Participant: 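Below you will find the structure I want to go over with you.
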There are 2 protein chains.
Amino acid sequence: MLSYTEENYLKAIYHLSGSGTKAVLTSEIAETMNTRAASVTDMIKKLSAKNMISYEKYYGVKITRQGKAEALMVVRKHRLWETFLVQKLHFSWDEVHDVAEQLEHIQSALLIEKLDEFLEFPTVDPHGHPIPDKTGKFVEVRQIPLSDCSGKKKITIRAVRNGSPSFLQYLSKIGVYIGATVAILEKIEFDGSLEIMIDGKKKVFISREASQNLLVTE
Amino acid sequence: MLSYTEENYLKAIYHLSGSGTKAVLTSEIAETMNTRAASVTDMIKKLSAKNMISYEKYYGVKITRQGKAEALMVVRKHRLWETFLVQKLHFSWDEVHDVAEQLEHIQSALLIEKLDEFLEFPTVDPHGHPIPDKTGKFVEVRQIPLSDCSGKKKITIRAVRNGSPSFLQYLSKIGVYIGATVAILEKIEFDGSLEIMIDGKKKVFISREASQNLLVTE
DNA sequence: ATAAAAGTTTAGGGTTATCTAAAAAATTTT
DNA sequence: AAAATTTTTTAGATAACCCTAAACTTTTAT
């Protein structure tokens with residue numbers, strides 16, 4: 001049984017490790033958790049004692065199989081709650097993160113299974129991120145940043161990489177949403193910005209930063 | 001801003017004080033919170049410093065206007081969540097309490113207003129308890145225990161007084177629910193038990209304890 | 001290769017919420 | 001009214017989580 005704080009650290013480690021594929025440094029964790037390295041070291045010892053991560057001094061941490069399973073359940077809860085907030089309570093996609101950060105820690109297996117059923121077993125959340133099922137599995141669609149796309153193929157917006165409220169609000173404003181079809185009309189050499197056509201209807205320019213934050217399939 | 005624990009203490013004080021009408025003793029709080037009197041004294045000092053209760057040593061506490069408002073918001077959240085769990089996620093009424101105890105502490109005014117709207121502004125929860133509106137007001141229907149009813153008038157089940165899971169399961173089993181119509185067929189002198197007719201269809205005997213725990217209108 | 005810089009851990013504290021044991025006050029009993 | 005009992009408060013600890021400052025290790029630069 002993990003505490004609220006332990007769950008948050010574990011989730012951060014899971015994300016920072018690229019879903020558990022690489023080791024994570026103390027400083028990276030301190031950065032994302034907005035704490036000091038000393039606090040991270042304390043928590044690392046706790047999570048290590050609970051076999052959630054393996055830890056070697058000065059070398060960073062690796063998430064264990066068990067830790068990954070726990071982290072995936074927190075991610076599952078977070079994404080199911082975000083889906084609920086948008087689909088049922090009509091939150092906009094830029095309003096859901098902070099509330100889901102709280103809701104993800106509610107302890108009740110029954111609740112999350114019933115919520116999943118109520119939402120009809122969604123596979124992606126409002127930001128296009130995959131929702132692990134109750135065994136921790138999820139579909140991995142190979143997505144690339146829009147900035148890496150070439151030519152004028154039919155492109156579908158699949159997810160945002162960094163879902164900050166201001167970026168999401170900006171996307172809404174220009175008419176970009178998950179599932180939208182876009183075509184690249186022109187790439188501006190000078191600054192890497194793109195002129196794109198959204199749903200064959202609307203032309204807009206987006207910055208390189210924005211195009212790097214949009215994950216798409218061709 | 002109150003902590004999770006402060007909210008729980010305040011809610012307990014609100015209930016123990018009869019919605020803020022009478023003073024509450026340290027020992028009563030310790031009893032319902034499953035803590036020691038010493039811990040209660042500590043918390044009383046904190047809540048008093050935050051002007052949620054007024055406190056005089058050795059005399060128990062009284063909830064303030066501000067404290068009552070805070071407690072009502074926690075009660076509102078608890079009851080809205082219970083309603084959600086039963087109506088939307090199809091929990092049974094004996095399964096909701098513990099989950100709602102967690103959900104009631106989620107901090108988001110937007111969430112609770114949207115939830116209220118999603119549920120179409122319910123006025124009572126699954127146990128028949130009134131749900132305060134966003135200003136803290138709620139309809140008070142004069143209810144009496146079934147045990148205090150006389151004669152064979154048409155009686156409507158309105159609420160349970162003590163909603164313990166085992167009592168609720170028992171009610172489901174014998175066919176008693178909020179809104180059911182009952183008639184008293186006979187009062188057994190020996191033990192105060194009642195023979196009742198439910199919805200004009202089913203006769204059952206219920207103990208005095210059970211009849212004292214059912215709140216009704218005549 | 002060694003000195004400087006960067007990153008990490010340890011040491012020592014602070015806060016919140018809990019506890020036990022002892023002291024103090026109020027209540028009940030004789 | 002005094003003694004006994006009960007209730008409440010105070011005193012002193014503990015655990016979780018976080019901090020700063022100092023010590024230690026690793027990495028980078030000269």
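Naming: A, B, ... by sequence-line order, numbering from 1 per chain. Below, all heavy atoms of this structure are taken into account, side chains as well, without hydrogens, waters or symmetry copies. Note that this is a predicted model, so its numbers are computed, not measured.
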Participant: Check whether A:Phe91 forms a cation-pi arrangement with B:Lys114 (NZ or CZ under 6.0 Å from the six-membered ring centre, at most 45° off the ring normal).
Facilitator: yes
Participant: Between A:Lys45 (NZ) and D:dA15 (C1'), how many Å, whole number?
Facilitator: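 A:Lys45 atom NZ is separated from D:dA15 atom C1' by 16 Å.
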Participant: Tell me, do A:His127 and A:Val96 make a side-chain contact under 4.5 Å, heavy atoms counted?
Facilitator: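 With C-beta onward as the side chain, the pair touches.
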Participant: Rounding to a whole Å, what distance do you find between B:Met1:CE and C:dT16:P?
Facilitator: 15 Å
Participant: Starting at atom CG of B:Asp42, determine the distance to atom P of C:dT15, rounded to an integer number of angstrom.
Facilitator: 15 Å
Participant: Reckon A:Tyr55 touches a base, only the sugar-phosphate, or nothing at all at heavy-atom distances under 4.0 Å?
Facilitator: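 Since only primed, P, OP1 and OP2 atoms lie under 4.0 Å of A:Tyr55, the category is sugar-phosphate.
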Participant: For a quick check under 3.5 Å, do A:Gln169 and A:Glu95 share a side-chain donor-acceptor pair by atom type?
Facilitator: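 No donor-acceptor contact under 3.5 Å links the two side chains.
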Participant: C:dC19 P sits how many Å from B:Asn34 CG, rounded?
Facilitator: 9 Å
Participant: Indicate whether OP1 or OP2 belonging to D:dT20 is found under 4.0 Å from a side-chain N or O atom of A:Arg36.
Facilitator: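 For D:dT20, OP1/OP2 do have a side-chain N/O of A:Arg36 under 4.0 Å.
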Participant: Check whether any side-chain N or O of A:Thr41 sits under 4.0 Å from OP1 or OP2 of C:dT9, and answer yes or no.
Facilitator: yes
Participant: Quick one: label A:Thr35 by what it contacts on the DNA or RNA (base, sugar-phosphate, nothing), any heavy atom closer than 4.0 Å.
Facilitator: sugar-phosphate
Participant: Would you classify B:Thr26 as touching base, sugar-phosphate or nothing, given that sugar-phosphate means primed atoms plus P, OP1 and OP2, and contacts are heavy atoms under 4.0 Å?
Facilitator: sugar-phosphate
Participant: Please report, rounded to the nearest Å, how far the C1' atom of C:dT15 is from the NZ atom of B:Lys50.
Facilitator: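 The answer, rounded to whole Å, is 12 Å.
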Participant: In terms of side-chain heavy atoms of B:Ala37, which of C:dT9, C:dT8, D:dT9 is nearest?
Facilitator: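 Comparing C:dT9, C:dT8, D:dT9 against the side chain of B:Ala37, the answer is D:dT9.
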Participant: Provide, to the nearest angstrom, the distance between the CD1 atom belonging to B:Ile29 and the P atom belonging to D:dT7.
Facilitator: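 It works out to 14 Å between those atoms.
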Participant: Going by atom types alone, do B:His78 and B:Asp125 pair a side-chain donor with an acceptor below 3.5 Å?
Facilitator: no
Participant: Could you tell me whether B:Lys68 sits above the aromatic face of B:Tyr14, with NZ or CZ closer than 6.0 angstrom to the six-membered ring centre and within 45 degrees of the axis?
Facilitator: no
Participant: Taking CG from A:Leu25 and C1' from C:dA6, how many angstroms apart are they, rounded to a whole number?
Facilitator: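 Rounding to the nearest Å, CG of A:Leu25 and C1' of C:dA6 are 12 Å apart.
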Participant: Using whole Å, report how far CD of B:Glu6 lies from C1' of C:dT16.
Facilitator: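 About 9 Å, once rounded to whole Å.
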Participant: Can you see whether A:Phe118 has A:Lys88 sitting over its ring - NZ or CZ less than 6.0 Å from the centre and within 45° of the normal?
Facilitator: yes
Participant: Measuring from the side chain of B:Ser27 (C-beta onward, heavy atoms only), which nucleotide among C:dT8, D:dT7, C:dC19 has the closest atom?
Facilitator: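 My answer, after comparing the listed nucleotides, is D:dT7.
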Participant: Apply side-chain hydrogen bond (donor to acceptor under 3.5 Å, both in side chains) to B:Gln87 and B:Glu120, showing your working.
Facilitator: CA-CA 11 Å; B:Gln87 287 186 5; B:Glu120 301 177 76; over 6 Å; no
Participant: Is there any protein nitrogen or oxygen under 3.5 Å from a nitrogen or oxygen in nucleotides 21-27 of chain C, and what are the pairs?
Facilitator:
| from | atom 1 | to | atom 2 | distance (Å) |
| --- | --- | --- | --- | --- |
| C:dA25 | O4' | B:Tyr58 | OH | 3.4 |

Participant: How would you label the contact of B:Tyr9 with the nucleic acid (heavy atoms, under 4.0 Å): base, sugar-phosphate, or nothing?
Facilitator: sugar-phosphate
